[in-house]
Visitor: 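Let me begin by handing over the structure; questions about it come next.
Numbering starts at 1 and runs along the sequence shown.
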Amino acid sequence: MPYADRDRSGQRDFDASILTWIAFLGRLKTTGMPIRDMLRYAALRDEGEATGPARRQMLEIHREQVRTQIAELQECLLVLDTKIAGYAGDEQRTKEDDARPNTSRKPLRSRPAGPVTH
């Protein structure tokens, strides 16, 4: 955590740039960036502008990992949607079956064995 002054009650008083930085780190965490990579990124940031290309490369690599994860999640979502639709179809068929009047069908008459003549 970056240094922050404290207010009269002793709570840290972060300025807007620190809050923006904290929010950015939160987004990296949400997207699954490992803590060691976030620490490396933060260390590069502390070193200054000369590390811009290295930080950009880190973010580009992470972006591709996030895109891959999103594609995998989209595939999983499609499977879930298909499964849910199947259950919804089963429930609808059950409701339709329950709504039909209960009419018993007459059993088919058995035919005598032997040749059939027409």
Side-chain angles (χ1 to χ4, degrees):
M1 291 289 284
Y3 175 79
D5 292 325
R6 296 194 180 262
D7 63 14
R8 288 184 216 166
S9 65
Q11 293 183 334
R12 292 182 182 192
D13 187 21
F14 294 108
D15 67 22
S17 65
I18 293 173
L19 294 175
T20 300
W21 171 241
I22 291 170
F24 177 70
L25 291 174
R27 290 184 189 277
L28 292 178
K29 180 180 177 187
T30 298
T31 59
M33 180 179 272
I35 297 293
R36 69 180 176 278
D37 290 348
M38 286 191 278
L39 290 172
R40 175 74 179 131
Y41 185 90
L44 289 171
R45 180 179 178 262
D46 287 343
E47 291 178 25
E49 292 297 319
T51 64
R55 287 183 278 154
R56 177 181 174 186
Q57 183 180 20
M58 283 185 74
L59 293 178
E60 287 173 344
I61 290 168
H62 184 64
R63 177 180 59 192
E64 286 309 309
Q65 293 168 347
V66 170
R67 284 182 174 159
T68 299
Q69 183 181 14
I70 289 171
E72 291 170 357
L73 288 172
Q74 288 287 11
E75 290 175 16
C76 292
L77 186 59
L78 180 60
V79 170
L80 290 172
D81 288 343
T82 302
K83 194 70 167 172
I84 290 167
Y87 286 126
D90 290 345
E91 290 173 10
Q92 184 62 33
R93 285 188 293 278
T94 300
K95 288 178 186 175
E96 289 171 0
D97 289 345
D98 291 345
R100 288 188 190 137
N102 189 5
T103 57
S104 59
R105 295 183 179 178
K106 293 181 182 178
L108 295 175
R109 287 190 284 175
S110 59
R111 295 187 177 161
V116 177
T117 56
H118 293 283

Visitor: Kindly state each residue pair satisfying ring pair (Phe, Tyr, Trp, His ring centres under 6.0 Å) with at least one member in residues 73-98, sequence neighbours excluded.
Guide: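 Output for this query is empty, none listed.
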
Visitor: With a 3.5 Å cut-off and sequence neighbours excluded, list the donor-acceptor pairs that the side chains of residues 23-35 form with protein atoms.
Guide:
from: Thr30; atom 1: OG1; to: Gly26; atom 2: O; distance (Å): 2.9
from: Thr31; atom 1: OG1; to: Arg27; atom 2: O; distance (Å): 3.1
from: Thr31; atom 1: OG1; to: Leu28; atom 2: O; distance (Å): 2.9
from: Thr31; atom 1: OG1; to: His62; atom 2: NE2; distance (Å): 2.6

Visitor: Test of understanding: with side chain to side chain donor-acceptor pair (under 3.5 Å), list the residues that count as partners of Arg36, not counting sequence neighbours.
Guide: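 By the side chain to side chain donor-acceptor pair (under 3.5 Å) rule, Arg36 matches no residue at all.
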
Visitor: Test of understanding: with side-chain contact (heavy atoms from CB on, under 4.5 Å), list the residues that count as partners of Ile61, not counting sequence neighbours.
Guide: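 By the side-chain contact (heavy atoms from CB on, under 4.5 Å) rule, Ile61 matches Gln57, Gln65.
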
Visitor: Would you please name every residue forming a side-chain contact (heavy atoms from CB on, under 4.5 Å) with Arg63, sequence neighbours left out?
Guide: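 For Arg63, the residues satisfying side-chain contact (heavy atoms from CB on, under 4.5 Å) (neighbours in sequence not counted) are Glu60, Arg67.
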
Visitor: With clusters defined by side-chain heavy atoms of hydrophobic residues (ILVMFWY) lying less than 4.5 Å apart, directly or transitively, does Leu44 cluster with Trp21?
Guide: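 Trp21 and Leu44: one cluster.
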
Visitor: Sequence neighbours left out, what passes side-chain contact (heavy atoms from CB on, under 4.5 Å) with Ser17? Give chain and number order.
Guide: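 Residues passing side-chain contact (heavy atoms from CB on, under 4.5 Å) with Ser17: Asp15.
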
Visitor: My understanding is that only residues two or more places apart in sequence, or in another chain, count here; which of them pass salt bridge (Lys or Arg N to Asp or Glu O under 4.0 Å) with Glu49?
Guide: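 Applying salt bridge (Lys or Arg N to Asp or Glu O under 4.0 Å) to Glu49 gives none.
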
Visitor: In residues 68-86, what donor-acceptor pairs under 3.5 Å come from side-chain atoms, sequence neighbours left out?
Guide:
from: Thr68; atom 1: OG1; to: Glu64; atom 2: O; distance (Å): 3.0
from: Thr82; atom 1: OG1; to: Leu78; atom 2: O; distance (Å): 2.9

Visitor: Not counting sequence neighbours, which residues clear side chain to side chain donor-acceptor pair (under 3.5 Å) with Thr51? List them please.
Guide: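 Once residues adjacent in sequence are excluded, the partners of Thr51 under the side chain to side chain donor-acceptor pair (under 3.5 Å) criterion are Arg55.
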
